[in-house]
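Everything on this sheet refers to the single structure shown next.
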Amino acid sequence: MIHSGSLQINSKQHLKIGGCDTVDLAAEYGTPLYVMDEGLIRENCRRYRQALQLCYPHGRVLYAGKAFLTLAMADLVKEAGLGLDVVSGGELYLALKAGFPAKDICFHGNNKSGVELQEALRAGVGRIVVDSLVELQELCALVQSQQQKTAVLLRFKPGIEAHTHDYIQTGQDDSKFGLGFAEILQAVRIALHAAPFLELKGFHCHIGSQIFQLESFALAARSMLRLMSAVKKETGFLACELDMGGGLGIRYLQVDNPPSIEDFVQTVARAVKEAATEEGYPLPDLLLEPGRSIVGEAGLTLYRVGVIKDLPGIRRYVAVDGGMMDNIRPALYQARYAAVLANKAAREATQKVTVAGKACESGDLLIEHINLPPVEKDDLLAVLSTGAYCYALASNYNCHPRPAVVFVRNGKSRLVVRRETYADLIALHQS
Ligand SMILES: *Cc1c(COP(=O)(O)O)cnc(C)c1O
């Protein structure tokens, strides 16, 4: 039932994370509470860097901040020696406030505003990943009028759409992200024309998220090298960088069996090397942008159990003091989670229940049909693997203050985001 190495059970039968007793954490910081195992995040960063270093020395790992980003997280990423992906002016602002070096920041987005592009230029971000011809033209005008240089990648749709357990190869790709082949050729010509202010480094793709099948990454790598080779034939442009995006899946349920970070990196690196050899293309620098697989399994959410409703012959609802406002993923795309009764972690899971949130939506069910030990009011429930895309997607629906975020490591905890107050909820209102 406990599927992560960072979780343990102590002699009081309490669940521990990062050496901290979750019952104590809930008492100290309140619930709902996001708890992140800082040691595991650091370990994942290290594994990515080391794996890439081993099989592709001219490589770089960037953490995709949209999965989970706070000042403390930006600090950690900087210390771990990774670069950082941002997707908005707001994420860029946060990163700069954290003192993240602008040259190690990569700016993404399918609809960057003119203001955001200016902010990125002013900050001097390391890369801007151009997603459309309109954006490219706007960027060209900006760098020329400001006489300021910037380095760019062009985002390509490789026609491979990957999901958790499968992928589809599509000829003409229906996606709001990226450029098709004809547009890429046009973009390359525009970008080369705008040199030296625009420095075209190469190409980017990102084929999806929560992907288990490594073959889809290998296919994408081959597709990118074919693109690069074709672009070279048509325009003479030789790319020195290839950014393969993120997307490696994580374990949410006991039955999930995602590939390791090492296997993922190795597969991508090998596919790039093989395809480059096949195409006779010089090896580009390789960039990877993992988000979920850095933070996902490192997080859990602690909830206090409230009302329990037995509907005989139907089901037992166990309501907790959070829900879709702190974890929208089950309601948004039927994401499934495992959970542990954190104050009775060693007890046998003998009762099937549905964990309900407290938002005014019938669809606000965090977990349908999970086996737990007999649950009582005021028990502490830990929903596992909530480190990615939960805090980042949290809302104030029903005027619920967003939970605090705590980092734990070696038996010590520290508050990295304080819990919102009722006053925070109306801080921006005018009457
Ligand atoms: C979301 C995103 C990532 C990270 O994806 P994960 O599935 O969290 O690893 C990387 N690159 C880009 C461009 C993205 O949009």
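Residue indices begin at 1 and follow the sequence shown. Indexing begins at 1, ligand by ligand and atom by atom, following the structure's order. Note that the coordinates shown come from a computational prediction; the quantities given were computed from them, not determined experimentally.
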Arg336 atom CZ, over 12 foreign heavy atoms within 6.0 Å: no

Can you sort out which atoms of ligand 1 are near Ala64, meaning under 4.0 Å from one of its heavy atoms? 3 (C), 4 (C), 10 (C)

Would you check if there is a donor-acceptor pair between the side chains of His14 and Asn343 at a distance under 3.5 Å? no

Contact with ligand 1 for Tyr389, non-hydrogen, under 4.0 angstrom: yes

Near Gly291 (heavy-atom distance under 4.0 Å), the atoms of ligand 1 are 4 (C), 6 (P), 8 (O), 9 (O)

For atom 5 (O) of ligand 1, closest protein heavy-atom neighbour: His206 CE1, 3.3 Å

Which atoms from ligand 1 have a heavy atom of Arg155 less than 4.0 Å away? 13 (C)

Give the atom numbers and elements of ligand 1 that come within less than 4.0 Å of a heavy atom of His108. 13 (C)

CA sep, side-chain torsions, deciding dist, call: His108, His204, ring-ring contact (aromatic ring centres under 6.0 Å, His included): CA-CA 10 Å; His108 285 273; His204 169 275; 4.8 Å; yes

For the residue pair Asp326 and Tyr303, confirm or rule out a side-chain donor-acceptor distance under 3.5 Å. yes

Under 3.5 Å, is there a donor on one side chain and an acceptor on the other for Glu297 and Asn44? no

Atom 11 (N) of ligand 1 has as its nearest protein heavy atom Glu289 OE1, 2.8 Å

With only distance considered, is Gly247 within less than 3.5 Å of ligand 1 through an N or O on each side? yes

Does this structure show an ion pair linking Glu79 with Arg42, if we count only N-O contacts that are shorter than 4.0 Å? yes

Show which atoms of ligand 1 fall inside a sub-4.0 Å distance from at least one heavy-atom site of Pro290. 9 (O)

Which atom of Gly83 lies closest to which atom of Phe100, heavy atoms considered: C-CZ, 3.9 Å

Can you tell me how the ring of Phe68 sits relative to the ring of Phe407, calling it parallel under 30°, perpendicular over 60° and tilted otherwise? tilted

Which ligand 1 atoms, with their elements, are less than 4.0 angstrom from a heavy-atom of Arg292? 6 (P), 8 (O), 9 (O)

Do you know the tightest heavy-atom contact between Ile294 and Cys45? CG2-SG, 3.9 Å

Looking at atom 7 (O) of ligand 1, what's its closest protein heavy atom, distance included? Ser209 OG, 2.3 Å

Looking only at distance, does Gln210 have an N or O less than 3.5 Å from an N or O of ligand 1? no

Show the atoms of ligand 1 that are less than 4.0 angstrom away from any heavy atom in His204. 13 (C)

Among non-hydrogen protein atoms, atom 1 (C) of ligand 1 lies closest to Lys66 NZ, 1.2 Å

